[in-house]
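In what follows, every chain begins at residue 1, and chains take the letters A, B, ... in the order their sequences are listed.
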Amino acid sequence: MTDTATQVDAIDRSGTPLIEMKDISIAFGGIKAVDHASVDLYPGEVVGLLGHNGAGKSTLIKILSGAYGRDTGQIFVRGEEATITNPRHAKDYGIETIYQTLALADNVDAAANLFLGRELLTRWGTLDDAAMEDETRRVMGRLNPNFKKFKEPVKLLSGGQRQSVAIARAIHFNARILIMDEPTAALGPQETEQVGQLIKQLKKDGIGIFLISHDIHDVFDLADRVSVMKNGQVVGSASTKDVTKDEVLGMIILGKCPPGATPGPGASTD
Amino acid sequence: MSDNTLTTQSGADQKEGPIVRFLRATEVDTRMLGMVGALLLIWIGFHLYGQIFNGFGAFLTSRNLWNLSVQTSSIAVMATGMVLIIVTRHIDLSAGSLLGVTAMVMGVVQVWVLPEMLGLNNPMIWIITVLVGISFGAAIGALHGFLIAYMGIPAFIVTLGGLLIWRGSAWWVARGETIAPVDSTFALLGGGPFGTIGATGSWIVGALAIVGIAALLLMGRRQRVRFGFPLRPVWAEWTLGLVGSGLIVASVLVMNSYLWPKGVVRRYAEANNITVPEGGLEISHGFAIPVLIAITVGIFMTFLVTRTRFGRYVFAIGGNPEAAELAGINTKRMTLMIFSLMGGLVGISAVIASARLNAATNSLGQLDELYVIAAAVIGGTSFAGGIGTIYGAMLGALVMQSLQSGMVLVGFDSAVQQMVVGGVLIFAVWLDTIYRRNSV
Ligand SMILES: Nc1ncnc2c1ncn2[C@@H]1O[C@H](COP(=O)(O)OP(=O)(O)OP(=O)(O)O)[C@@H](O)[C@H]1O
Ligand SMILES: [Mg+2]
């Protein structure tokens with residue numbers, strides 16, 4: 001993993017961040033799912049979002065992807081304030097998302113899902129199914145060479161196959177910012193490794209990635225920085241080379257911010 | 001891996017019987033075959049029932065089948081729209097009432113308003129009337145869609161309210177008066193002896209349809225060759241083509257063998273200064289104009305559903321509304337458009353229904369919504385969303401209408417008719433759940 005280490009050092013954080021989410025809050029009924037959270041992301045950087053179940057990670061990134069409207073806070077894309085009130089806006093900013101729930105239309109096939117909302121058309125303006133299937137075969141061939149079920153509705157695919165379709169969809173449209181919410185939860189070891197390689201490749205291309213995962217080893221392997229959330233608040237953020245895995249576990253479980261990290265509003269005070 | 005699939009397939013080939021192999025080769029939807037079977041059963045059943053109990057089997061006569069085709073048209077047109085609505089997990093209970101008020105509005109326009117402005121029998125009257133009807137229906141549909149999508153009121157409630165509101169409005173438009181007769185050109189859109197295309201016209205339509213089938217099969221095959229997808233065996237292609245063509249020829253023959261009644265012939269001869277020869281003049285009905293309208297709508301809707309973005313989004317929304325929204329589809333606008341399309345189709349059906357009756361009455365279309373929903377569901381549209389076909393719904397409409405007119409023909413009273421139709425609907429949905437459990 002020496003090449004990860006060199007990449008960590010290569011991140012230039014002097015310029016404007018790709019994404020800056022400032023002071024974001026959202027409540028569902030009485031529950032403050034996200035409570036004045038701030039995170040940022042630089043080009044070519046992978047930021048791991050960590051936290052226990054229900055910490056607010058998915059909700060936070062769903063605000064960035066336009067799935068939820070926020071109660072307070074601002075989002076800046078490349079330094080400019082962005083209005084993101086629906087998923088189309090986010091896509092216009094080059095933000096692509098792999099949702100934890102995958103968000104696939106179960107009754108249509110892989111190609112229809114891959115191109116959903118961005119279908120290829122013939123010159124008469126009708127769906128070009130053949131071309132879409134062709135492209136899909138190519139993308140999936142790179143991502144998951146064992147994938148063969150191109151004609152079936154995705155409902156009939158395995159969890160991992162469905163996840164591959166969701167990943168393919170997110171990377172196929174030249175994302176500048178990628179949000180991956182548990183992208184490998186259903187994948188086998190070989191496919192997980194493939195996604196790891198993919199993330200490293202995307203980093204090289206200057207794409208910024210928010211990576212949500214419960215696998216702390218994975219996160220340390222891939223992420224340049226981590227931000228830890230607890231009860232909707234950010235406990236702290238740290239470069240992965242300034243903290244140990246145990247310290248990060250302490251942040252997740254106890255909300256205790258170690259010396260190597262920048263504390264957030266959620267850091268416990270004792 | 002592809003070798004793998006090949007071996008499993010040929011392995012299955014050895015075990016499977018000729019019927020399964022036939023179905024696999026022709027790629028015919030088994031569900032559609034089931035519907036055709038049910039249809040034949042109904043047709044033959046009513047014919048035999050008539051023969052045994054009434055001494056006369058009236059069902060399988062060209063006259064009845066022609067009437068059946070005309071009666072089915074109006075329901076079939078609306079059923080194509082209901083497919084989209086049910087596929088997106090909504091429902092429209094207001095179709096029949098909306099048909100009624102639309103017919104009344106068209107009646108007022110073509111009988112009270114336009115003749116005053118343009119003069120009686122102006123050729124523009126029917127065109128303007130039809131446009132008014134379709135736009136009126138589409139506008140009301142859009143209103144339903146707006147309330148459902150943007151105000152968040154469930155479709156069931158909006159259209160249940162619509163069921164009452166539009167039926168009431170239908171009365172209110174002309175204070176319950178029946179408006180008749182309609183414009184004479186407009187009346188042709190409902191069929192009747194003059195609203196047909198005759199023997200020659202029917203043969204031309206039949207020939208075009210056969211050319212169309214051949215072209216579709218050929219194009220499909222060429223497409224598969226181009227992308228290296230597996231091909232149907234040649235014999236299967238021929239079977240499909242020949243069966244399709246045979247059905248078309250048969251329907252042309254049936255429609256053409258229904259002749260104009262003597263009185264109509266006499267009036268027609270008098271009006272056109274033709275002397276009727278010794279043995280009488282034989283003039284065929286041929287396809288009725290409403291049937292051609294319904295078929296055109298069916299082709300258009302099939303194209304819309306299978307070949308356009310709009311259709312793709314309809315099914316994606318039905319499969320997973322949240323995913324569709326997250327994929328950037330404007331699901332609210334789609335809902336509005338789907339209901340508006342449904343309203344426009346109701347407008348077309350209102351044209352057919354009121355033209356056929358040669359009058360607009362405020363009770364026109366009563367209970368139609370139930371027949372339309374039943375047609376869509378019998379045709380394989382699933383209430384779980386995401387599944388349905390246009391041709392299925394149109395066949396479903398034919399099944400429902402066959403049942404209905406069969407019962408009228410053999411003399412069941414309307415109480416029994418209602419009970420049977422209701423029972424069949426429940427039975428069909430039950431069959432559907434069993435079919436789905438076993439197929440996927
Ligand atoms: N749509 C919603 N309506 C109401 N409450 C919600 C909704 N979405 C999330 N919540 C609540 O917000 C809180 C944060 O949920 P979120 O899904 O963001 O957690 P998470 O950090 O992604 O957890 P996990 O690791 O389990 O995926 C939880 O308490 C959850 O119950
Ligand atoms: Mg989550």
| For Tyr313(B), is it the side chain, the backbone, both or neither that has a heavy atom under 4.5 Å from a heavy atom of chain A? | side chain
| query | In Å and rounded to the nearest 0.5 Å, what is the CG to OG1 distance from Leu304(B) to Thr126(A)? | reply | 12.0 Å
| Ile329(B) vs Leu116(A), side-chain contact (heavy atoms from CB on, under 4.5 Å): CA-CA, chis, key distance, verdict | CA-CA 8 Å; Ile329(B) 296 171; Leu116(A) 193 56; 3.8 Å; yes
| Thr331(B) OG1 to Asn86(A) CG distance, which is reported to the nearest 0.5 Å | 10.0 Å
| Are the side chain of Asn107(A) and the backbone of Ala316(B) linked by a donor-acceptor contact shorter than 3.5 Å? | no
| note | Taken to the nearest 0.5 Å, the spacing of Lys155(A) NZ from Asn320(B) CG works out to 11.5 Å
| Do Leu121(A) and Arg309(B) have side chains that get closer than 4.5 Å, going by heavy atoms? | yes
| field | Top of His89(A), Glu133(A), Arg118(A), Arg169(A) for chain B proximity - count of heavy-atom pairs under 4.5 angstrom | value | Glu133(A)
| message | For the CD atom on Glu81(A), are there more than 12 heavy atoms of other groups (residues, nucleotides or ligands in this structure) within a distance under 6.0 Å? | response | yes
| note | Correct closest heavy-atom pair for Ala105(A) and Ala323(B) would be N-CB, 4.1 Å
| remark: Among Thr122(A), Thr101(A), Leu127(A), the residue with the most heavy-atom pairs under 4.5 Å to chain B is Leu127(A)
| query | Any Lys/Arg nitrogen of Asp129(A) or Arg312(B) sitting under 4.0 Å from an Asp/Glu carboxylate oxygen of the other? | reply | yes
| Side-chain heavy atoms of Tyr99(A) within contact of Glu322(B), under 4.5 Å | no
| task | Check whether Gln223(B) gets within reach of chain A through its side chain, its backbone, both or neither, counting any heavy atom under 4.5 Å. | result | side chain
